[in-house]
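In what follows, a single structure is set out as structure tokens and then discussed.
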Protein chains: 2
Amino acid sequence: MSSTPSRRSLTIHNINPHVRAAKYAVRGELAIKSEEYRSKLKRGDPPTPPENPLPFDTVISANIGNPQQLDQKPITFFRQVLALLEHPALLNNEEVLKSTFGYKQDAIDRARWLLKEIQSVGAYSQSAGAPGIRQSVANFIARRDGFPSNKDDIYLSAGASSGVNTLLHIICSKPETGVLVPIPQYPLYTATLTILNARCVPYYLDESQAWSTELSIIKHAYDEAIRLGTDVRAIVVINPGNPTGASLSEKDVEDTIKFAAEKNLVIMADEVYQTNVFVGQFHSFKGALRRMQQREPGRYDAVELASLNSVSKGMVGECGHRAGYFELVGFDQQVQAEIYKFISIMLCPPVIGQCLLDLVVDPPKPGDPSFELYDEEYNSVRNGLKERAWALYQAFKEMEGVEVGEPQGSMYLFPTIAVSDKAVQAAKEADRTPDEFYCLCLLDATGICVVPGSGFGQKPGTLHLRTTFLAPGTDWVGRWTKFHKEFMDKYR
Amino acid sequence: MSSTPSRRSLTIHNINPHVRAAKYAVRGELAIKSEEYRSKLKRGDPPTPPENPLPFDTVISANIGNPQQLDQKPITFFRQVLALLEHPALLNNEEVLKSTFGYKQDAIDRARWLLKEIQSVGAYSQSAGAPGIRQSVANFIARRDGFPSNKDDIYLSAGASSGVNTLLHIICSKPETGVLVPIPQYPLYTATLTILNARCVPYYLDESQAWSTELSIIKHAYDEAIRLGTDVRAIVVINPGNPTGASLSEKDVEDTIKFAAEKNLVIMADEVYQTNVFVGQFHSFKGALRRMQQREPGRYDAVELASLNSVSKGMVGECGHRAGYFELVGFDQQVQAEIYKFISIMLCPPVIGQCLLDLVVDPPKPGDPSFELYDEEYNSVRNGLKERAWALYQAFKEMEGVEVGEPQGSMYLFPTIAVSDKAVQAAKEADRTPDEFYCLCLLDATGICVVPGSGFGQKPGTLHLRTTFLAPGTDWVGRWTKFHKEFMDKYR
């Protein structure tokens with residue numbers, strides 16, 4: 001070995017090639033640039049050159065579903081309890097908590113119960129999460145679906161992302177392993193499969209049918225993968241969809257389960273937007289599977305389902321707490337033991353996040369002292385999201401060359417954008433795809449950060465972008481409308 | 001493909017073989033069994049059979065450094081601030097916080113500052129952590145070492161484990177990639193290397209020299225690995241050691257840096273126990289490297305160092321919050337961009353944990369209103385740990401066949417145990433290694449859970465176990481002493 005002192009060990013050419021190949025546009029170049037703009041504005045840097053200030057005074061991060069970065073307020077009950085867990089000495093004066101800080105007895109009681117379950121938010125829990133909290137999750141699932149759930153099949157995680165990472169680590173056993181992934185998709189799936197050196201088997205959602213999930217398309221993608229020597233082992237379904245917002249009908253859920261049963265595929269049901277539904281209805285895979293098992297005893301017993309949920313979405317929006325869970329249905333016990341070992345290496349999910357999950361799956365009920373405020377806050381968030389979605393939708397409808405369906409759910413709109421040949425040419429000259437080029441121009445002109453459709457996958461020849469509809473007010477929508485008109489005129 | 005309905009997709013034989021091969025004894029079979037005992041005791045299950053109750057009334061989890069699961073109290077200042085961050089409405093009445101709940105102005109001010117930095121603990125931060133908090137970490141490192149640190153080289157993480165996972169993901173590029181790892185070691189390293197299908201290149205610490213790190217042994221291990229075709233790319237140093245507690249001398253640190261420079265190795269310095277030092281002194285790799293660079297300009301410019309730290313250890317012990325950081329020194333910018341992308345896929349570390357890290361690296365200073373209590377609590381934890389370590393050490397010294405050095409640091413003792421041939425035979429009949437067998441008997445007889453030395457690696461033919469010295473009181477030590485005598489008598 002040489003001892004040349006000026007040589008580095010790690011270069012872009014010799015690090016893990018699978019990490020290098022992974023793409024994750026949601027927090028990619030555009031997001032990084034938007035953060036630079038944000039800190040420039042925060043520092044109040046003089047514009048450089050001085051005659052050329054930033055043409056906006058705020059950055060709007062519409063690239064990622066991060067409600068509390070915008071103006072969504074956390075739900076009071078949740079945060080009242082979490083404060084007590086962080087500093088149990090506050091419990092030494094319940095009267096003052098009530099009289100001065102508006103605590104109700106149920107918040108105080110819940111904090112005491114959780115402290116008994118976890119001992120301290122500063123202590124590691126069991127690797128899969130505190131048993132009492134896993135039981136709360138199991139109870140929630142049982143109420144939701146009408147079928148029992150076992151706490152030993154519940155694995156708490158640091159957000160749903162960490163659960164997806166765990167499951168794909170178990171499933172991907174060799175380079176030929178394939179996982180069916182909807183396109184467009186949340187890029188966590190493709191990025192993780194790339195890092196694991198496994199194959200993404202894309203199946204396109206049908207934009208002409210409001211981004212529905214079509215079994216014939218899945219079958220075609222599966223057959224094609226088999227033909228190419230792929231060992232297809234699992235199917236991902238994002239329901240409601242990210243970035244599309246579309247909810248699967250019960251029939252689509254059942255068809256997917258039947259297909260998975262026939263082809264021996266693990267179903268990974270990403271159900272983190274289960275309460276963010278404006279159009280249609282959420283049907284859980286667990287509930288549908290249990291009903292099918294009841295109807296045809298024996299036939300679907302071997303179906304393996306992993307269903308994921310999170311506190312980051314819904315009306316909760318507690319992304320920063322990194323909490324979620326997955327439930328395993330029909331998994332082999334030895335495989336579950338390997339999953340337990342795998343998550344043990346990272347010790348446990350954040351314990352205060354576990355406690356928040358307990359509150360989210362078991363919130364105040366009618367009659368409980370904290371219910372009224374909880375209910376009011378919950379509905380206010382829900383209505384606010386719907387209003388914002390529709391305001392943005394209306395604005396898109398009036399933009400030239402933009403097509404978008406009614407908001408269906410999740411936190412996103414995913415419009416199609418048709419741009420001129422001249423814009424395509426300008427993009428090419430800037431070494432960008434046309435959707436990247438549009439999004440970059442939008443950011444530079446307005447401070448609005450969105451994600452090009454290529455970050456999620458889109459049919460060749462189509463262009464999209466994903467934007468959250470979380471930002472409040474209409475000012476930013478106005479900025480966008482104005483930019484769009486100028487962009488279209490410039491490249492006409 | 002068959003459509004047999006009763007066949008599962010995932011079995012122990014077809015899941016990811018690298019996950020299956022990974023070993024992580026710290027939370028393995030013994031830990032799982034101890035949790036079963038714990039919940040049995042909690043539920044108050046009638047003994048089965050009734051005449052055969054558990055021979056203990058508490059489980060002592062000495063398998064993992066988890067201070068707050070035992071009786072270590074969190075530091076008041078930290079938790080006061082975290083409560084305000086979780087429920088900022090508490091800030092609406094500062095007077096009551098002070099008069100009733102003992103808050104000082106600096107706790108309130110810090111909470112207000114952190115809320116400005118993060119907006120909400122429920123919002124995602126930047127992927128590497130909130131910029132203001134990374135700056136606090138950089139300031140801490142600069143104060144500690146006397147050399148500047150740049151916030152853009154600081155990456156906050158969900159505990160140090162997550163940082164190790166990130167770094168090894170980047171470094172391990174092919175099956176021949178090798179990483180030098182001290183033996184005994186914390187098994188996170190070997191487990192992660194196994195999952196990444198890379199090679200652990202073990203170098204033994206010298207038990208006869210109080211577990212010192214010997215360069216000649218490292219060189220020998222390196223040469224042997226090269227001979228076997230291993231592409232050695234990095235060296236892990238755990239300083240102070242886990243499970244050994246030994247601190248490297250400044251000369252050992254320098255020798256390691258020189259060796260890494262000569263062989264082009266990335267240094268991964270696991271420095272999570274940097275304040276848990278009883279014997280010797282902690283010398284940071286960053287400080288040593290900068291001093292060497294000053295002494296011999298140019299010679300060590302290309303050294304790549306990743307230094308890891310955590311809020312789980314030290315006098316803080318906030319394991320459940322899953323917070324930590326790593327600092328990169330000398331890394332290529334393109335490589336850092338890949339690291340940023342990799343961590344972005346999991347979005348961000350827990351935000352309340354980031355805030356706790358801010359408090360840990362920038363605690364109350366002399367003269368601050370909260371200093372007195374902070375200082376008292378900090379010293380009380382430090383003295384408590386030392387006392388417990390020495391009490392356990394004294395007990396081990398009196399046990400037949402047990403050899404252990406003075407407690408040096410970290411949270412562990414790692415005694416050698418000599419057992420009789422008869423015990424070895426009994427272990428073989430139980431399909432166990434002798435150290436596993438001893439630890440299993442200890443758990444079943446006393447409820448004390450420790451980890452066999454094989455979980456960390458040990459020289460062939462030697463037997464050890466790792467125990468934390470965190471449990472309070474002397475009752476559990478008494479139980480152990482009694483068990484040990486009976487075990488030795490039984491297999492004499």
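Each chain gets a letter, A, B and so on, in the order the sequences are listed, and its residues count up from 1. Here the structure is a predicted model, which is why all the values come from computation and not from measurement.
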The interface call for Y186(A) against chain B, heavy-atom contacts under 4.5 Å, is side chain
Correct closest heavy-atom pair for E86(A) and H321(B) would be OE2-NE2, 2.6 Å
I170(A) and V19(B) have their tightest heavy-atom pair at CD1-CG1, 3.7 Å
Interface check, chain B: of Q69(A), Q354(A), H87(A), most non-hydrogen pairs under 4.5 Å belong to H87(A)
Pairwise side-chain contact, I64(A) with L347(B), heavy-atom cut-off 4.5 Å (strictly under)
yes
Bottom line for T192(A): the part with an atom under 4.5 Å from chain B's heavy atoms is side chain
Cut-off 4.5 Å, heavy atoms of chain B, and the answer for S312(A) is side chain
Under 4.5 Å to a heavy atom of chain B? For E304(A) that would be side chain
Exercise for the section: Report the C-alpha distance between R8(A) and N264(B) in whole Å, list the side-chain angles of each, state the deciding distance to 0.1 Å, and finish with yes or no for side-chain hydrogen bond (donor to acceptor under 3.5 Å, both in side chains). Expected result: CA-CA 7 Å; R8(A) 282 207 179 87; N264(B) 249 310; over 6 Å; no
- Query: R27(A) versus C348(B): any side-chain heavy-atom pair under 4.5 Å?
  - Reply: yes
In short, Q68(B) meets Q119(A) closest at the heavy-atom pair O-CG, 3.8 Å
Interface check, chain B: of Y124(A), Y340(A), Y24(A), most non-hydrogen pairs under 4.5 Å belong to Y124(A)
Answer whether the closest heavy-atom distance between the side chains of N16(B) and E338(A) falls below 4.5 Å. no
Assert top hit (heavy-atom pairs under 4.5 Å, partner chain B, pool Q333(A), K341(A), K23(A), E318(A)) equals K341(A)
Highest number of heavy-atom pairs under 4.5 Å with chain B among A158(A), A191(A), G159(A), S127(A) belongs to S127(A)
>> I'd like to check V266(A) versus L10(B) (side-chain heavy atoms, cut-off strictly below 4.5 Å). Are they in contact?
In response: yes
Worksheet item: Under the side-chain hydrogen bond (donor to acceptor under 3.5 Å, both in side chains) criterion, do Q334(A) and H13(B) qualify, and how do the steps go?
Response: CA-CA 10 Å; Q334(A) 285 179 300; H13(B) 305 295; 5.6 Å; no
When the 4.5 angstrom heavy-atom criterion is applied to P131(A) and chain B, the contacting part is neither
Note: A83(B) and L90(A) closest approach over all heavy atoms is CB-CD1, 4.0 Å
Margin query: With side-chain hydrogen bond (donor to acceptor under 3.5 Å, both in side chains) as the criterion, how do R79(A) and S120(B) come out once you've worked through the C-alpha distance, each side chain's angles and the decisive distance to 0.1 Å?
Written below: CA-CA 11 Å; R79(A) 296 302 198 85; S120(B) 164; 3.2 Å; yes
So OG of S9(B) and CD1 of I171(A): to nearest 0.5 Å the spacing works out to 7.5 Å
Heavy-atom closest pair (P17(A) atom, S173(B) atom, distance to 0.1 Å) is CD-O, 3.5 Å
Bottom line for I339(A): the part with an atom under 4.5 Å from chain B's heavy atoms is neither
Distance col, row S161(B):OG vs I345(A):CD1, nearest 0.5 angstrom, shows 10.0 Å
Turns out that what part of K174(A) lies under 4.5 Å from chain B's heavy atoms comes down to neither
Applying a strict 4.5 Å limit to non-hydrogen atoms, the region of I32(A) in contact with chain B is side chain
When you compare the side chain of F101(A) with that of L97(B), does any pair of heavy atoms fall below 4.5 Å?
yes
d(D332(B) CG, N14(A) CG) to nearest 0.5 Å is 9.5 Å
Quiz item: Can we say K42(A) and E117(B) salt-bridge, meaning some charged N sits less than 4.0 Å from an Asp/Glu carboxylate O?
Solution: yes
In this structure, NE2 of H169(B) is separated from NE2 of H18(A) (nearest 0.5 Å) by 10.5 Å
So, the part of S125(A) with a heavy atom under 4.5 Å from chain B: the answer is backbone
Honestly, the part of F259(A) sitting under 4.5 Å from a heavy atom of chain B is neither
Closest non-hydrogen atoms of V335(B) and I12(A), given as atom of the first, atom of the second and distance, are CG2-N, 3.8 Å
